[in-house]
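Remember, it's a predicted structure, so these values are computed and weren't measured experimentally.
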Amino acid sequence: MEAPTPPEAPMSPQDALRRVGFLLERARESPYRVAAFRRAAEAIRLIPDEELRERAAAGTLKQIKGIGDSTAAIIGQALRGVVPAYLATLEEQHGAALSWEGAELYSAVVGDLHVHSDWSDGGSPIEEMVLTAVELGQDWMALTDHSPRLTIANGLSRERLARQLTHVDAINASLAGSFTLLKGIEVDINLDGTLDQDPDMLDRLDVVTASVHSKLRQPSFEMTSRMLAAVRNPRTNVLGHCTGRLVTGGRGKRPESQFDAEKVFRACAENDVAVEINSRPERQDPPDELIELARDLGCLFAIDSDAHAPGQLDMKLLGCKRAERHGIPAERIVTTWPVEDLLAWAKA
């Protein structure tokens, strides 16, 4: 999988608007700002270019619901066969590769086991996440929206999850094998170490990423017990952002949760659970020394984006940079595996 390259003119108005959204998301701009461009792209999706040209000439583009001054300018410039000025500025500011390191491993990463959509706290529909993953060269991706108790993130109830699974089936049918969207969840690890979704619903999924989101300052012995129970649950495949730390970003900083990492990672190795290398810049989780500990204990890893918008999907390059730096071989990273091998491992 190669890092995305900036598009060249001419490009369609819809592609120009989507690219603007992608770059704003990569820059972690406000979802509300991004939404204006993605709404505009959807508003013109079924309108022929010839009609758009006529509207641009007549000055009536803004009569289309969802089109404003900025988006109308982008549409008009794209129709003239030039890179829109606002897009050119964003390309200069945010279009370069996120890192010059990790590119070799990034090219081997063909999947993602931690992705959110607007069904929970993501900013875009599932279809837009899939389309961007395809454009980035991925072969497969797991949809892992949140579980019920994380109400702040609009976690999926049993009933909503069931509806989402039907929706995933329809998307996969439309893809006809060119890309695989896996049925997944980022399930909350409850205080007693159980998983926050009914066991029979978890059995219907392809993959389960389990993460701690509450009581992050528990005493070490309690957090260790909690995480061990989750890792030993046969339905768990990936241990997500294990320390819960935040090192930068708009949400401020948050210290690492305290737990016996050697015990937890040894349990991961014994139970064939992958340790996630979370690629989000604000997380960088696990810390360097814990990546090395998990490596030395024989753990598998999953380099994941934890993307909440399409423009965050290629943040996996940052995780690849860290994995390369700490000598994690590609064959121990499950997100480099073909989807058939990934599914066989997840269901073993």
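The 12-atom threshold is not exceeded at NZ of Lys62, counting heavy atoms of other residues, nucleotides or ligands nearer than 6.0 Å. Within 6.0 Å of the CZ atom in Arg149, the count of heavy atoms belonging to other residues, nucleotides or ligands does not exceed 12. Counted within 6.0 Å of CD on Glu104, heavy atoms from surrounding residues, nucleotides or ligands total 12 or fewer; the atom is thus considered open.
Of the possible polar contacts, none joining the Thr71 side chain to the Ile67 backbone as a donor-acceptor pair under 3.5 Å is found. For the pair Asp341 (side chain) and Trp337 (backbone), a donor-acceptor distance under 3.5 Å is absent. With hydrogens and angles ignored, the 3.5 Å screen pairs a side-chain donor or acceptor of Gln77 with a backbone N or O of Ala85. Thr236 places no side-chain N or O within 3.5 Å of a backbone atom of Ala210 that could act as its donor or acceptor partner.
Under 3.5 Å, the side chains of Ser305 and Asp112 contain a donor-acceptor pair of N or O atoms. Gln284 and His241 form no side-chain donor-acceptor contact under 3.5 Å, judged by distance and modelled atom types alone. A donor-acceptor pair shorter than 3.5 Å can be found between the side chains of Thr243 and Asp285. Side-chain contact of Asn154 with His146: a donor-acceptor pair under 3.5 Å is absent, judged by distance alone. A donor-acceptor pair shorter than 3.5 Å cannot be found between the side chains of Glu29 and His94. A donor and an acceptor atom, one from each side chain of Thr209 and Glu186, are nowhere located under 3.5 Å apart. For the residue pair Arg226 / Gln218, a side-chain donor-acceptor distance below 3.5 Å is found, with atom types taken as modelled.
Under 4.0 Å is where a charged nitrogen must lie from a carboxylate oxygen, and between Glu222 and Lys215 no such pair does. Comment: Glu270 does not engage Arg266 in a salt bridge, judged by the lack of any side-chain N to carboxylate O separation of less than 4.0 angstrom. With salt bridges taken as basic N to acidic carboxylate O contacts below 4.0 Å, none links Asp304 and Lys316. Under the 4.0 Å criterion applied to side-chain N and carboxylate O atoms, Arg254 and Glu282 are not assigned as salt-bridge partners. A salt bridge links Arg55 and Glu51; the closest N-O separation between the charged side-chain nitrogens and carboxylate oxygens is under 4.0 Å.
In summary, of the residues considered (Val109, Thr180, Val134, Val110), a side chain to side chain contact (heavy atoms under 4.5 Å, CB included) with Asp139 occurs for Val110 alone. In summary, of the residues considered (Asp192, Asp188, Thr194), a side-chain hydrogen bond (donor to acceptor under 3.5 Å, both in side chains) with Asn190 occurs for Thr194 alone. Shown are Asp203, Asp196, Asp200, Asp198; of these, the salt bridge (Lys or Arg N to Asp or Glu O under 4.0 Å) with Arg235 is made only by Asp203.
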For this session: Let me see the working for Ser120 and Asp145 under side-chain hydrogen bond (donor to acceptor under 3.5 Å, both in side chains), right down to the final yes or no.
Result: CA-CA 6 Å; Ser120 64; Asp145 281 320; 2.7 Å; yes

Problem set entry | Check against side-chain hydrogen bond (donor to acceptor under 3.5 Å, both in side chains), Gln312 and Arg280 | CA-CA 8 Å; Gln312 298 166 4; Arg280 293 189 67 88; 2.6 Å; yes

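Between the CD atom of Glu135 and the CZ atom of Arg19 there is a distance of 9.0 Å, given to the nearest 0.5 Å.
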For residues 286-297, please give each side-chain donor-acceptor pair under 3.5 Å, one per line with the distance, not counting sequence neighbours.
residue	atom	partner	partner atom	Å
Asp288	OD1	Arg322	NH2	2.7
Asp288	OD1	His326	NE2	3.2
Glu292	OE2	His326	ND1	2.9
Arg295	NH1	His326	O	2.7

Show the atom names and distances, to 0.1 Å, of all donor-acceptor pairs under 3.5 Å that link a side chain in residues 37-46 to residues at least two apart or in another chain.
residue	atom	partner	partner atom	Å
Arg38	NE	Glu25	OE2	2.9
Arg38	NH1	Glu128	OE2	2.9
Arg38	NH2	Glu25	OE1	2.7
Glu42	OE1	Arg45	NE	3.2
Glu42	OE2	Arg45	NE	3.0
Glu42	OE2	Arg45	NH2	3.1

